[in-house]
Structure formats: C-alpha cells, structure tokens
Number of protein chains: 2
Amino acid sequence: MQQLFEQIGNYHRLSPEAAEAVSLGFERITLPKNECLVTEGKVCRHLYFLEKGALRGYYQEDGKEITHWFGFENDFVTSFHSFITGQPSVENIQLLEGSILWGIAKERLNELLNQYHEIERLVRIAYEKYYIRLEERFVNAHFKTATDRYEDLLEHAPHIVERVPLGYIASYLGISPETLSRVRGRL
Amino acid sequence: MQQLFEQIGNYHRLSPEAAEAVSLGFERITLPKNECLVTEGKVCRHLYFLEKGALRGYYQEDGKEITHWFGFENDFVTSFHSFITGQPSVENIQLLEGSILWGIAKERLNELLNQYHEIERLVRIAYEKYYIRLEERFVNAHFKTATDRYEDLLEHAPHIVERVPLGYIASYLGISPETLSRVRGRL
DNA sequence: CCGCTTTTTTGACAAATGTCAAGTGTGCCC
DNA sequence: GGGCACACTTGACATTTGTCAAAAAAGCGG
C-alpha cells in the first residue's frame, strides 16, 4: 500500500485524514498469470492500482483478440469506458504475470470524492495525466510504419518487449505477428 | 455563453454562485478562418469553449503538417499537453471557419478549482468523458484499413466530411490524400 | 466572369504489409 | 528429461498503400 501512496503523492499530496480514508477504501488483490481482472459483458465497478505484475487490455474483433494497452507497476488500471459510463465492458483485462493489485469500488470512491475536495483534485489530476499519455501514444502511432512503431516502442518502453509475448506486442502496435517478426529481423 | 452553460450542464450541474463565477472567468473571442488559436513553441495557458465554428489541431513532422484532431461546436479545446504540463506546445490549433469561442485563463480556472469543489468535479467529469472519447477513437483506428477508417468516419462523424478539406481528413485518418481519393472513388 | 491558386483525382510504379502455410525454437508440465 | 503445446520465424504470394508527377476540378478574389 506504501507504493500506492507514493504514486498518489506524485499526483497530489493528501492530508493525513484523506490519506487514511483512501487507505481504508482499497483492498489487496492477488491474482495468478492468465487470470482475468475484467471480462467483457460485465460492468466494471472497480479501479485498481497495480503494485506488482503486468497485464493487458484486449477486446474481440472478427474472432481475433486485439490487445490495445498494457499496464505495469504503479499504473491505475480499469476498463475506463465501463467504469466511467457504467455500461458493460467491451474489453477484458488479463494478467500477464502473477500480480498484486489494490482495488477500490466505484461506490466507495464516489463517497471519498463527495467528502474530500482534495481527493477530487487528485483524481482530476490523474485523469489529466492519463489523457495526455493516451494522446501522446496516439500521436506517436499516427502515420507510422511498422518499423517506426517498433523502434518507438524500443526507445520509449523497452520493458514491454522484455515482459510481454511478441504476439500481444504486434497486436498492440497494430501490425501482424509476421510483420513484427520481419521488422525485428531487420533491426 | 448560454451554449457554454448548456454544455457544462451536460457534465455537472453548478450552483448559481459557481455558475456566476464561471461566467465571469470566460471571455468571448471571435477569430476568422485560417487564424491560429495556439501556435507551437508557446505555452498554452487558456482553455476554450467552441460556440460556433470548426478548427483542427496539427503538428509538424518531417516537413509535413499532421492533423490529428478536429473541434466543432460545444467542444472544449486547447493544446491539452501544453495546458496541463505548462510546457511549450508542439501543436498548432487553426480555425477552419470563422469562429466564436469562449476562453478562460488557466490561472483563473485554478482559482475556481480552489474555491469550488463542484467546479473541480465538473472538470474531472469532463476529463473522464474526453479520456474515453479519445480511447474510443484510438480503438476505432487500431488495425483498420484505409477503407475501414473512412467508412467509420462517414458513419460516426459525417459532419467532418461536410466541413473539412479532404487533405486534412486524410491526415487525420493517417492515410495519404491519394489513398483517400481512391477509397472515396470505390464507395 | 475570368484568371489564378488550391484542392482533388488519376496514372504508374515501388514499397510495405497481410495472409496462409509450414518450419523452427522455446517453454512448460508430467 | 522428454514430449507436447505454444511462441516465433520464414517463404510465397496477394493486396494495400505511399510516392511522384500530371491532369482535372473547384473555389476565391478582383
């Protein structure tokens, strides 16, 4: 839980009472590799902090699994679309390694948001940072060849290549596994 | 300004005092077509509400202008990366039509966020919705052929095709103008 | 309304990528 | 440690897309 508060401290410092309230809201979750944290078709009502491990978010399209994001230590993860809208999730979140997470129910989080302006600020700042991270990722993929995308990945997120199967990486980059293999062969 | 409050009302209802404070923070801006609202190299310290008109966000890459988003009526627009981080913007925002916007300085907005928990909530909810809109857009572009992308655009945002030059649309879709032309010819 | 500029389309060709199938390498479980 | 399943690579071919250049169409300003 200390790691969670370190990460929270990167966004916005909380008063002791707010920090205490936050700590009471989270529960520790341990899951093995391949287990799913979120499954499509169900409403996602929890937000998670990933203390240790790795995971991927994927959805089905034309009978294929499309991986579109990964999460690693210190990330806040959830099926954001479902969490925010309250609609059933179209994506699944699957553990790529045995992992330790801390989860908080949306209901509980809403209570904290109601009670503490500073927690509302914390969450707003977190959304700002997640928004621009997503925007950066989008811009970095726009108009890029397969080679560009893989090279960008190696430069900005080499840990992904070390921890994630290449098939999922190809999917994440929006290219076929064969193409990724050929790109790797040329580097 | 009524339109601004209607849009704000879609996110979160404000008390009369908060609404009054918000209305005092915004200023009306009228700009002609082709004018730039934001230019690269400068820190963007304003958030804008687009009451009437259209605009695009673009950046330079290898001597080319890459358009990566459009804004229309009722959108909140800014160079989010620069606005949030305080770093110089890498993108430009250019009016595609003569437009009417309402702008608020970041400093003023921060004062409002400090004073009113409900305004903090409003902004958090706005960020949530913008985050999932960006995520949807990303997912809708992932692994898509040029034809798929254009068809998706026609289906989900036909107004873009009506109001934006095709060259910018091609750029936005991540394909060349020639390819867009060929795709259109096949439909 | 005309001339000029900009936008869009078209042709030809090269490069990149996807698909399908098969082969090789790696990892896991018994 | 071996066998099997899974992950990754390779080959061949088809399709898509980009690039360059040129032509056609559309829009704007005087």
Side-chain angles (χ1 to χ4, degrees), chain A residues 32-36 53-56 58 60-68 70 94-98 140-154 158-187, chain B residues 32-36 53-56 58 60-68 70 94-99 140-154 158 160-187:
Chain A
K33 176 176 178 177
N34 294 328
E35 191 82 2
C36 278
L55 47 71
R56 67 169 179 139
Y58 71 93
Q60 301 278 353
E61 189 161 87
D62 303 324
K64 287 198 290 176
E65 291 184 4
I66 309 290
T67 297
H68 67 117
F70 299 114
Q94 179 188 45
L95 281 300
L96 298 178
E97 303 170 0
N140 282 344
H142 208 63
F143 261 122
K144 294 298 170 46
T145 64
T147 303
D148 288 339
R149 294 181 189 199
Y150 184 61
E151 286 179 343
D152 284 348
L153 189 75
L154 288 180
H159 60 286
I160 291 184
V161 181
E162 289 160 13
R163 296 175 69 179
V164 177
L166 290 168
Y168 296 154
I169 291 174
S171 192
Y172 171 82
L173 295 177
I175 64 182
S176 74
E178 294 91 344
T179 297
L180 178 57
S181 214
R182 298 187 220 282
V183 165
R184 280 164 54 85
R186 292 200 292 272
L187 295 189
Chain B
K33 177 177 180 178
N34 293 329
E35 191 81 4
C36 277
L55 48 71
R56 68 170 178 137
Y58 72 93
Q60 300 280 352
E61 190 161 87
D62 301 323
K64 286 197 293 178
E65 289 183 5
I66 308 290
T67 297
H68 67 115
F70 298 113
Q94 181 188 42
L95 282 301
L96 297 178
E97 302 170 1
S99 302
N140 282 345
H142 208 63
F143 259 123
K144 294 297 169 44
T145 65
T147 303
D148 288 338
R149 294 181 190 202
Y150 184 61
E151 287 179 343
D152 283 349
L153 190 76
L154 288 179
I160 291 185
V161 181
E162 289 162 14
R163 296 175 69 181
V164 177
L166 289 170
Y168 297 154
I169 292 175
S171 190
Y172 170 83
L173 295 177
I175 65 181
S176 75
E178 294 92 340
T179 296
L180 178 58
S181 217
R182 296 187 222 282
V183 165
R184 279 164 52 84
R186 293 199 293 270
L187 295 189

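Note on naming: letters A, B, ... go to the chains in the order of the sequence lines (proteins, then strands), and numbering restarts at 1 for each one.
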Polar atom pairs between nucleotides 4-11 of chain C and protein, under 3.5 Å, N or O only, would you list them?
residue	atom	partner	partner atom	Å
C:dT8	OP1	B:Leu166	N	3.0
C:dT8	OP2	B:Leu166	N	3.2
C:dT8	OP2	B:Gly167	N	3.1
C:dT9	OP1	B:Arg184	NE	3.4
C:dT9	OP1	B:Arg184	NH2	3.4
C:dT9	OP2	B:Ser181	OG	2.5
C:dT9	O5'	B:Ser181	OG	2.7
C:dG11	N7	B:Arg182	NH1	3.3
C:dG11	O6	B:Arg182	NH2	3.0

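- Heavy atoms only, all atoms of each residue included: A:Ile169 and A:Val164 are closest at CD1-O, 3.4 Å.
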(request) Take A:Leu154 and A:Leu187 through the side chain to side chain contact (heavy atoms under 4.5 Å, CB included) test and state the conclusion after the steps. (result) CA-CA 11 Å; A:Leu154 288 180; A:Leu187 295 189; 3.9 Å; yes
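- Candidate nucleotides C:dT19, D:dT17, C:dT17 were compared by shortest atom distance to the side chain of B:Ala146, and D:dT17 ranks first.
- No donor-acceptor pair under 3.5 Å is formed between the side chain of A:Arg56 and the backbone N or O of A:Thr67.
- Rounding to whole angstrom units, CZ of residue B:Arg149 and C1' of D:dG18 are separated by 14 Å.
- Protein atom CG of B:Asp148 is 17 Å distant from nucleotide atom P of D:dT15, rounded to whole Å.
- A:Tyr150 has its OH atom 13 Å from the C1' atom of D:dT9, to the nearest Å.
- The shortest heavy-atom contact between A:Leu95 and A:Pro32 is CB-O, 3.6 Å.
- One can place CG of A:Asn34 at 17 Å from P of D:dA5, the figure rounded to the nearest angstrom.
- The CZ-P distance, from A:Phe143 to C:dT17, rounds to 14 Å in whole Å.
- B:Arg186 has its CZ atom 12 Å from the P atom of D:dT15, to the nearest Å.
- Between A:Lys144 atom NZ and D:dG18 atom P the separation is 14 Å, expressed in whole Å.
- Computed from coordinates, the B:His142 NE2 to C:dT17 C1' distance equals 15 Å when rounded to whole Å.
- The distance from atom NZ of A:Lys144 to atom CD of A:Glu151, rounded to the nearest 0.5 Å, is 11.0 Å.
- The two residues A:Phe70 and A:Tyr168 have their closest heavy-atom pair at CZ-O, 3.7 Å.
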